[in-house]
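In what follows, a structure is listed as structure tokens, so that the remarks can point back to it.
Just the heavy atoms: all of them, side chains too, but no hydrogens, waters or symmetry mates, feed the values below. This structure is a prediction, so every number in the text was calculated from the model and none was measured.
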Amino acid sequence: MNLHNLFPTAVGFADLGRELTDEEMFFVRELETRPNMGNTTSTDNFVLRNPAMTSLRSFIEDSVAEYFKATANPKHNVSLRITQSWCNYSEPGQFHHKHAHPNSYVSGVFYIQTNENDKIYFYKDGYQQIKFPPEKWNEWNSESRWFGAAEGKLILFPSNLTHMVPTVEGDVVRTSLSFNSFPVGAVVS
């Protein structure tokens, strides 16, 4: 039997290849925060616009452009612009609720500080007429998939892909920078 993936979902990975600078780390640590569902988030929703984040923003923008070219491969002159960016802080015992990102095309998360076993889960949503308990999980019968979270790693995904962060185990405050993007240019069929 030949099996083919039909309408696969691309999750992209990129590594910064360096540690954050003292200026970048200071900026992230000094952001004002507010409670979020299960964790804490920055009150600033445009952290990548700060001059301290210029280099990191360039890396993220380049990675988003590469992901967009590889996945959407648009015929016309269209690109993605980062619209919002914020930091999340999850202390040991905290989590990040299951959600997706409306009004965005590609979202991403960049890991600033992590514990050894930190991860992000993605979920296959939508109607499933009948569910059978599988003998063994595989890419066709799985309803979720997780990837490890590591400092300096960027994960990109379609904004409508439901995701969450399980309860943080370890001694470090899991710190990440999340963002949304929206198309600009010739969005035509």
Side-chain angles (χ1 to χ4, degrees), residues 4-17 20 28 36-42 45-49 53 56-74 78-90 94-115 117-128 137-168 174-185 187:
H4 297 272
N5 285 325
L6 184 62
F7 312 125
T9 301
V11 176
F13 299 87
D15 287 308
L16 180 60
L20 292 183
V28 168
N36 193 16
M37 190 180 299
N39 64 2
T40 304
T41 190
S42 63
N45 286 321
F46 305 99
V47 298
L48 286 174
R49 292 183 185 173
M53 305 303 274
L56 182 58
R57 180 182 179 101
S58 292
F59 162 73
I60 290 173
E61 287 174 335
D62 291 348
S63 299
V64 167
E66 184 179 347
Y67 175 89
F68 184 56
K69 174 73 174 159
T71 58
N73 194 20
V78 63
S79 61
L80 296 180
R81 179 178 297 149
I82 294 173
T83 55
Q84 298 169 292
S85 54
W86 62 96
C87 287
N88 295 300
Y89 308 89
S90 301
Q94 292 185 322
F95 63 95
H96 205 109
H97 65 285
K98 190 175 176 183
H99 66 285
H101 294 226
N103 201 29
S104 177
Y105 189 80
V106 169
S107 294
V109 59
F110 176 79
Y111 297 100
I112 296 168
Q113 186 171 282
T114 61
N115 290 283
N117 293 317
D118 282 344
K119 53 187 65 113
I120 183 171
Y121 277 83
F122 292 98
Y123 294 89
K124 178 170 75 175
D125 286 335
Y127 175 71
Q128 295 180 21
W137 293 105
N138 61 43
E139 65 185 289
W140 295 287
N141 64 17
S142 296
E143 296 177 4
S144 68
R145 172 92 192 260
W146 64 266
F147 296 100
E151 293 174 14
K153 180 188 282 186
L154 172 65
I155 299 180
L156 302 169
F157 51 91
S159 299
N160 65 346
L161 188 59
T162 304
H163 55 286
M164 62 86 72
V165 174
T167 301
V168 173
R174 181 186 180 276
T175 307
S176 61
L177 187 154
S178 298
F179 60 89
N180 290 329
S181 68
F182 203 80
V184 293
V187 183

Nearest-0.5 Å distance that lies between atom CD1 in Ile60 and atom OG in Ser85: 8.0 Å

Where do Ile112 and Cys87 come nearest, in terms of heavy atoms and distance? CD1-SG, 4.4 Å

Supply the atom-to-atom distance Glu151 CD to Asp15 CG, rounded to the nearest 0.5 angstrom. 12.0 Å

Backbone N/O of Ala70 and side chain of Asn73: donor-acceptor pair under 3.5 Å: no

Quick one: ring pair (Phe, Tyr, Trp, His ring centres under 6.0 Å) partners of Tyr111, sequence neighbours excluded? none

Within a reach of under 6.0 Å around CZ of Phe122, are more than 12 heavy atoms found that belong to other residues, nucleotides or ligands? yes

Flag side-chain contact, heavy atom, 4.5 Å: Leu161 against Lys124: no

Within-4.5 Å side-chain heavy-atom neighbours: Val168 and Phe95: no

Is a side-chain donor-acceptor pair under 3.5 Å present for His163 with His101? yes

Determine whether the aromatic ring centres of Trp140 and His4 lie less than 6.0 Å apart. no

To the nearest 0.5 Å, tell me how far Lys153 NZ sits from Ile120 CD1. 10.5 Å

Would Lys98 and Tyr123 count as a cation-pi pair here, with the cationic atom under 6.0 angstrom from the ring centre and within 45° of the axis? yes

Quick one: are Leu177 and Val109 in side-chain contact, heavy atoms under 4.5 Å? no

Quick one: list whatever passes ring pair (Phe, Tyr, Trp, His ring centres under 6.0 Å) with Phe182, sequence neighbours left out. none

Flag side-chain contact, heavy atom, 4.5 Å: Pro158 against Tyr67: yes

Decide side chain to side chain donor-acceptor pair (under 3.5 Å) for Ser178 and Asn88; before the verdict, give the C-alpha distance in whole Å, the side-chain angles of both, and the deciding distance to 0.1 Å. CA-CA 7 Å; Ser178 298; Asn88 295 300; 3.1 Å; yes

For Asn141, is there any backbone N or O sitting under 3.5 Å from a side-chain donor or acceptor partner on Asn138? yes

Can you name the residues that form a salt bridge (Lys or Arg N to Asp or Glu O under 4.0 Å) with Glu61, not counting sequence neighbours? Arg57

Nearest atoms (heavy-atom pairs only) where Ala10 meets Thr71: CB-CG2, 3.6 Å

Heavy-atom check, side chain of Ser181 versus side chain of Phe68, under 4.5 Å: no

Check: Leu156 and Val64 side chains under 4.5 Å, non-hydrogen atoms: yes

Looking at OG of Ser144 and CE of Met164, how far apart are the two atoms once the value is rounded to the nearest 0.5 Å? 9.5 Å

What heavy-atom pair brings Asn180 and Ser104 nearest, and what distance separates the two atoms? CB-OG, 3.2 Å

Run Met53 and Val28 through side-chain contact (heavy atoms from CB on, under 4.5 Å) and show every step you take. CA-CA 9 Å; Met53 305 303 274; Val28 168; 4.0 Å; yes

Check for a donor-acceptor pair, side chain of Ser107 on one end and backbone N or O of Ser159 on the other, with a separation under 3.5 Å. no

CG of Leu48 to CZ of Phe59: how many Å apart, nearest 0.5 Å? 11.5 Å

Phe179 and its side chain to side chain contact (heavy atoms under 4.5 Å, CB included) partner, picked from Leu154, Val47, Asn45: Leu154

Can you tell me how far apart CG (Asn36) and OH (Tyr89) are? Round to the nearest 0.5 Å. 12.0 Å

Would you indicate whether the side-chain heavy atoms of Pro166 and Tyr121 approach each other to under 4.5 Å? yes

Quick one: does Phe147's side chain get under 4.5 Å of Val11's, heavy atoms only? yes

